[in-house]
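What follows is a single structure, and I will ask about it in a moment.
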Amino acid sequence: MNMYEKIKSLAKEYFPETVQTRRDFHKYAERGWLEMRTASIVARKLNNLGYQVLVGKELMCETARMGLPSKRVLTLNYKRAILQGADPYYLEKVKDGFTAVAGIIKNGDGPVVAIRFDMDALSIMEDDSADHNPGKFGFISCNPGAMHACGHDGHTAMGLTVAKILSEIKEHLHGTLKLIFQPAEEGVRGAKSIATSGFLDDVDYIFAGHIWQQAPGEDYDIYLGMDETFATTKLDVIYHGVSSHAAGMPQFGKNALLSAASCILNLHSIPRNSDGCTRINVGTINAGTGRNIVPETAKLEIEVRGATTELNNYMEVYATDVIRGAALMHDTIVEINKMGKAYSLECDKKMMDIIRHVCDDHLKNIKVAPKYLSPLDGSDDFSYMMATVQAHGGIATYMKLTTDLAASPHNCAYDFNENVLLTGTTVYSSVAYYLLNNIHK
């Protein structure tokens with residue numbers, strides 16, 4: 001049996017375990033920066049497989065974390081993780097929003113290969129109807145307001161199976177393997193803390209994939225890369241004014257809500273750009289305390305996007321000017337907090353060619369789409385990791401793993417055909433083996 005046949009055999013052997021792991025993470029869904037149970041279990045399993053394990057501050061830049069929950073929320077979820085079976089040793093290392101985990105195998109000279117898996121859930125109350133598989137088979141989220149509605153439970157489960165497969169053939173791997181389990185992808189908040197920590201500075205190849213809806217009339221298992229992505233910046237904007245009686249002494253007030261209203265209208269008046277698509281959205285506004293009180297504070301949740309990183313920068317700079325201008329108009333003070341950021345994805349053809357070669361020559365049961373790229377039509381902060389590796393000459397891609405979905409991503413009825421987990425573990429393991437066994441020769 002050659003090594004690719006062994007990888008396929010192991011992936012099939014471990015498939016029931018992969019499914020069980022996915023369902024466990026789905027049941028105990030944890031949102032971004034709160035993946036304490038998940039991260040501690042991932043770290044323990046990697047340790048038991050013989051990996052060098054890095055967690056939390058060992059691979060994260062603390063100040064590069066964006067959109068952290070409050071200390072109170074972090075503490076409540078830490079206590080919940082204890083009750084839900086977190087690994088005690090690693091839980092202490094990943095608490096307080098330090099939930100990144102990496103498993104490393106070093107075996108002599110050779111390239112450095114990294115694979116990324118995201119772990120976080122979304123702020124969604126899961127569908128509990130009888131025809132929703134997680135409810136039907138007993139793994140619906142038991143954490144109210146948290147649901148794996150974007151497949152990250154599957155990504156994490158695949159990562160652990162890949163770790164198990166590659167640990168069994170590690171004597172055939174020459175170089176360094178880095179398996180990265182990333183927190184807080186939702187809201188594009190978590191990757192920057194890893195990308196700016198120096199952990200990726202020696203990586204030659206990095207790739208990842210995302211479970212996605214199979215297009216109507218197609219039966220492809222994977223697309224080699226994604227395009228039509230948006231770079232994006234997420235901002236929380238808080239206007240601070242002065243409250244006063246709205247009838248008796250309105251002149252002594254400084255109306256934060258007026259600043260917010262002026263800001264909203266002018267943000268949506270930012271000129272479009274002839275270089276490509278741009279987007280802006282004010283998603284929430286919270287202001288004021290009563291009808292007869294001049295509002296003292298107003299908070300907006302805003303995002304800008306651009307088809308390229310440059311277009312997103314155009315939108316971000318213009319939006320920042322508008323935000324500050326609205327404060328000047330009504331003599332308020334404005335606080336701008338960056339809550340998330342991602343670049344546009346730039347997949348390398350050389351990396352995609354390698355994956356196509358592995359599939360065409362060794363994984364003939366995997367159906368690879370003839371077209372290299374498929375639209376993402378969104379944002380993903382894996383772009384931070386890709387850009388970091390590409391900046392020093394490495395190559396990267398972000399694949400689509402296509403399957404049937406029960407509902408669209410970010411929907412309360414979302415679920416996926418679990419056979420895609422077998423596809424992912426087989427492809428990831430085979431590509432890693434190829435890169436760490438053949439390329440350097």
Side-chain angles (χ1 to χ4, degrees), residues 3-4 7 46 51-52 54 59 100-118 155 158-159 161-163 165-167 169-170 172-182 191 194-210 222-227 229 343-363 366 368 372-373 380-401 423-441:
M3 198 55 60
Y4 295 102
I7 289 170
L46 290 172
Y51 283 77
Q52 175 191 353
L54 301 181
L59 73 154
V101 181
I104 303 169
I105 289 177
K106 294 182 179 179
N107 191 12
D109 295 333
V112 179
V113 176
I115 315 174
R116 174 269 212 166
F117 310 93
D118 41 9
H155 300 168
M158 284 190 283
T161 301
V162 169
I165 291 170
L166 294 178
S167 71
I169 61 169
K170 63 184 178 182
H172 300 283
L173 308 179
H174 305 285
T176 299
L177 171 70
K178 295 184 175 184
L179 302 179
I180 303 166
F181 294 81
Q182 181 207 313
I194 300 171
T196 58
S197 71
F199 184 69
L200 302 176
D201 289 355
D202 62 348
V203 172
D204 300 299
Y205 306 91
I206 188 167
F207 59 94
H210 200 297
I222 65 169
Y223 279 87
L224 300 168
M226 286 192 252
D227 62 356
T229 66
Y343 302 133
S344 57
L345 295 172
E346 300 292 339
C347 296
D348 290 297
K349 185 176 182 297
K350 183 177 178 182
M351 186 76 228
M352 293 186 284
D353 281 336
I354 289 170
I355 298 169
R356 185 181 294 280
H357 166 73
V358 170
C359 292
D360 287 351
D361 284 15
H362 305 290
L363 307 175
I366 303 292
V368 181
Y372 278 80
L373 301 170
D380 195 298
D381 66 351
F382 180 55
S383 57
Y384 256 109
M385 296 190 187
M386 292 176 66
T388 299
V389 171
Q390 290 165 333
H392 62 248
I395 59 174
T397 194
Y398 192 30
M399 295 179 283
K400 268 188 181 180
L401 306 173
T423 300
T425 55
T426 303
V427 172
Y428 291 156
S429 301
S430 297
V431 172
Y433 166 71
Y434 177 84
L435 292 169
L436 291 166
N437 186 262
N438 291 334
I439 288 291
H440 68 286
K441 292 182 179 179

How far apart are the closest heavy atoms of N107 and K170, and which atoms are they?
->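 Scanning both residues, the minimum pair turns out to be ND2-O, 3.0 Å.
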Gap between atom CG of L363 and atom OH of Y4 - 0.5 Å precision =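 These two atoms lie 8.0 Å from each other.
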Which of parallel (below 30°), tilted (30 to 60°) and perpendicular (above 60°) describes H357 and H362?
->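 H357 and H362: perpendicular rings.
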Taking all non-hydrogen atoms of both residues into account, name the closest pair between I115 and A432 and its distance.
->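 Looking at all heavy atoms of both residues, the closest pair is CD1-CB, 4.2 Å.
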Sub-4.5 Å side-chain heavy-atom contact between K178 and D202 |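 Yes, at least one pair of side-chain atoms sits under 4.5 Å.
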Would I104 and F199 satisfy side chain to side chain contact (heavy atoms under 4.5 Å, CB included), going step by step from the backbone distance to the final call?
-> CA-CA 11 Å; I104 303 169; F199 184 69; 3.8 Å; yes
M351 and L435: which non-hydrogen atoms are nearest, and at how many Å?
->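 Scanning both residues completely, I find the closest heavy atoms to be CE-CD1, 3.9 Å.
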Under the 3.5 angstrom rule, does the side chain of E346 hit a backbone N or O of Q390 as a donor-acceptor pair?
->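 Not a single qualifying donor-acceptor pair exists.
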Taking all heavy atoms of R116 and all of A208, pick out the closest pair and write down the distance.
->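 In terms of heavy atoms, the two residues are closest at O-CB, 3.5 Å.
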Considering all heavy atoms of both residues, which atom of L224 and which atom of T397 are nearest to each other, and what is their separation?
->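 Heavy-atom minimum between the residues: O-OG1, 2.7 Å.
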Ring centres of H210 and F382 under 6.0 Å apart?
->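 For H210 and F382, the ring centres are not under 6.0 Å apart.
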In Å, rounded to the nearest 0.5 Å, how long is the span from CG of L373 to OH of Y223?
->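 The CG atom of L373 sits 10.5 Å away from the OH atom of Y223.
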Side chain to side chain contact (heavy atoms under 4.5 Å, CB included) assessment of I222 paired with C359 | CA-CA 10 Å; I222 65 169; C359 292; 4.0 Å; yes
Is the side chain of D118 donor-acceptor paired with the backbone N or O of H155 at a distance under 3.5 Å, no angle test?
->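 Not at all, since once roles are kept as given, no pair shorter than 3.5 Å links the two residues.
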Output yes when a side-chain donor or acceptor of S383 lies under 3.5 Å from a complementary backbone atom of D380, and no otherwise.
->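 Confirmed, S383 side chain pairs with D380 backbone.
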Please walk me through it: do M386 and C347 pass side chain to side chain contact (heavy atoms under 4.5 Å, CB included)?
-> CA-CA 8 Å; M386 292 176 66; C347 296; 4.1 Å; yes
Worked verdict on Y433 versus I165 for side chain to side chain contact (heavy atoms under 4.5 Å, CB included) = CA-CA 10 Å; Y433 166 71; I165 291 170; over 6 Å; no
Compare every heavy atom of I7 with every heavy atom of T426, then report the nearest pair and how far apart it is.
->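 Looks like O-CG2, 4.1 Å.
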Looking at OG of S429 and CD1 of I169, how far apart are the two atoms once the value is rounded to the nearest 0.5 Å?
->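 It is 7.0 Å, given to the nearest 0.5 Å.
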Going by the angle between their ring planes, with limits at 30° and 60°, are Y428 and F207 parallel, tilted or perpendicular?
->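 Correct class here is tilted.
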Nearest 0.5 Å please: distance from the CD1 atom of I395 over to the CG atom of D348.
->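 Interatomic distance, I395 CD1 to D348 CG, rounded to 0.5 Å: 6.0 Å.
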Does the side chain of I194 come within less than 4.5 Å of Q182's, by heavy atoms?
->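 Q182 vs I194: side chains touch.
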Heavy atoms, side chains only, cut-off 4.5 Å: are V389 and M385 in contact?
->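 Not touching, per the 4.5 Å side-chain cut-off.
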Value rounded to 0.5 Å, distance of CG in N437 from OG in S430 =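 Separation between the atoms: 11.5 Å.
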Expected output: side-chain K106 to main-chain Q52 donor-acceptor under 3.5 Å |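 The answer is no, because no donor-acceptor pair under 3.5 Å joins these two groups.
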Going from CD1 on I355 to OH on Y372, what distance comes out if it is rounded to the nearest 0.5 angstrom?
->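 Reported to 0.5 Å precision, the distance equals 10.5 Å.
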